[in-house]
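Reviewing the structure listed below.
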Amino acid sequence: MCEKFHYETKDNAMDIDSTAVVFIEFQNDFTSEGGVLHDAVKDSMSANGTLDNAEKVLAAARQAGATVIHSPISFAPGYNEISKHPYGILKGVVDATAFVKGAWGAEIMDRFAPAESDIIIEGKRGLDAFGSTNLDFILRSKGIKTVALAGFLTNCCVESTMRTAYERGYNVVTLTDAVAATSVEEGESAVKFDYPMFSTPTTSAEFIAALASSADVDDSSRGYEGVS
């Protein structure tokens, strides 16, 4: 039987003031038809219902008064902010001419357009949303203790951000059906094997219920297998 993951509480309710939801790279190049990386993630998005689930979380977080943070990635034309000889996933971004500042592909999808009360993190140039931004400063300034993550890619930017948030002492919740990868298999593998080591994997419905009430979320994290 799973133990319970207890959010910070106040007056027997979830402490909304210390909870933030971070939406990572809900940008047209991923999310929208015509985006240069859309075809790479569309199967995973479809399998998870990523956009619908994330949109429901966004609405619920705003209604509850939780901190909503958007973490887009963008580069000036020419990608001079990074190595002249990128490799791996960043080479894929450059080769696809993705996330160019000022272009439609780098814009946040209309369905996730930031509200006046939302926070937009600036300066993301790599995988980890903490790496080249002031995300940690903002979270700590606002007294955030629980960080919930949604977005792209399941096993790349979301996972990198998850690991750093875990290392920095936040209570990390990963929204397992509000993420997407470049294949269904890659996404499922990350959620099954990696996410439980550094977060509490949670469905969007479970998280929304926790936002709306004092409900607990089952702790699906894990340590070393076979060690009691």
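Listed for the Asp29 side chain is a donor-acceptor partner under 3.5 Å among the backbone atoms of Val36.
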Applying side chain to side chain contact (heavy atoms under 4.5 Å, CB included), run through Asp43 and Glu185 and close with a yes or a no.
-> CA-CA 10 Å; Asp43 289 345; Glu185 294 79 11; over 6 Å; no
Phe99 and Phe30: CA distance, side-chain angles, deciding distance, ring-ring contact (aromatic ring centres under 6.0 Å, His included) verdict = CA-CA 9 Å; Phe99 307 120; Phe30 275 141; 5.2 Å; yes
Take Met162 and Tyr195 through the test side chain to side chain contact (heavy atoms under 4.5 Å, CB included) and record every step on the way to the result.
-> CA-CA 8 Å; Met162 169 193 71; Tyr195 278 27; 3.8 Å; yes
Could you walk me through whether Phe207 and Val21 pass side chain to side chain contact (heavy atoms under 4.5 Å, CB included), step by step?
-> CA-CA 10 Å; Phe207 183 70; Val21 187; 3.7 Å; yes
Please test Lys145 against Asp15 for side chain to side chain contact (heavy atoms under 4.5 Å, CB included), starting from the C-alpha separation and ending with a verdict.
-> CA-CA 9 Å; Lys145 297 179 181 179; Asp15 185 1; 5.9 Å; no
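One finds a salt bridge joining Arg163 and Glu159 here, because a Lys/Arg side-chain nitrogen approaches an Asp/Glu carboxylate oxygen to under 4.0 Å.
Hydrophobic clustering, with ILVMFWY side chains joined whenever heavy atoms are under 4.5 angstrom apart, groups Tyr166 together with Met197. Following chains of ILVMFWY side-chain contacts shorter than 4.5 Å, one can reach Ile89 starting from Val41, so the two form part of one hydrophobic cluster. In this structure, Val100 is a member of the same hydrophobic cluster as Phe152, with clusters built from ILVMFWY side-chain heavy atoms closer than 4.5 Å. In this structure, Phe23 is a member of the same hydrophobic cluster as Ile16, with clusters built from ILVMFWY side-chain heavy atoms closer than 4.5 Å. A continuous path of ILVMFWY side-chain contacts below 4.5 Å connects Ile24 to Phe137, so both sit in one hydrophobic cluster.
Around CD of Glu167, the count of heavy atoms belonging to other residues, nucleotides or ligands within 6.0 Å does not exceed 12. Heavy-atom contacts from other residues, nucleotides or ligands closer than 6.0 Å to CG of Asp95 number more than 12. The local environment of NZ in Lys91 is sparse, with at most 12 non-hydrogen atoms from other residues, nucleotides or ligands closer than 6.0 Å.
The two residues Val68 and Ala61 come nearest to each other via the heavy atoms CG2-CB, 3.9 Å. Considering every non-hydrogen atom in both Asp136 and Tyr170, the closest pair reads OD1-OH, 2.7 Å. Contact detail for Arg125 and Leu90: the closest heavy-atom pair is O-CD2, 4.1 Å.
Side-chain contact between Leu58 and Phe112: present, with at least one pair of heavy atoms (C-beta onward) separated by less than 4.5 Å.
Asp177 and Ser204 are linked by a side-chain donor-acceptor pair at a separation below 3.5 angstrom, with hydrogens and angles left out of the test.
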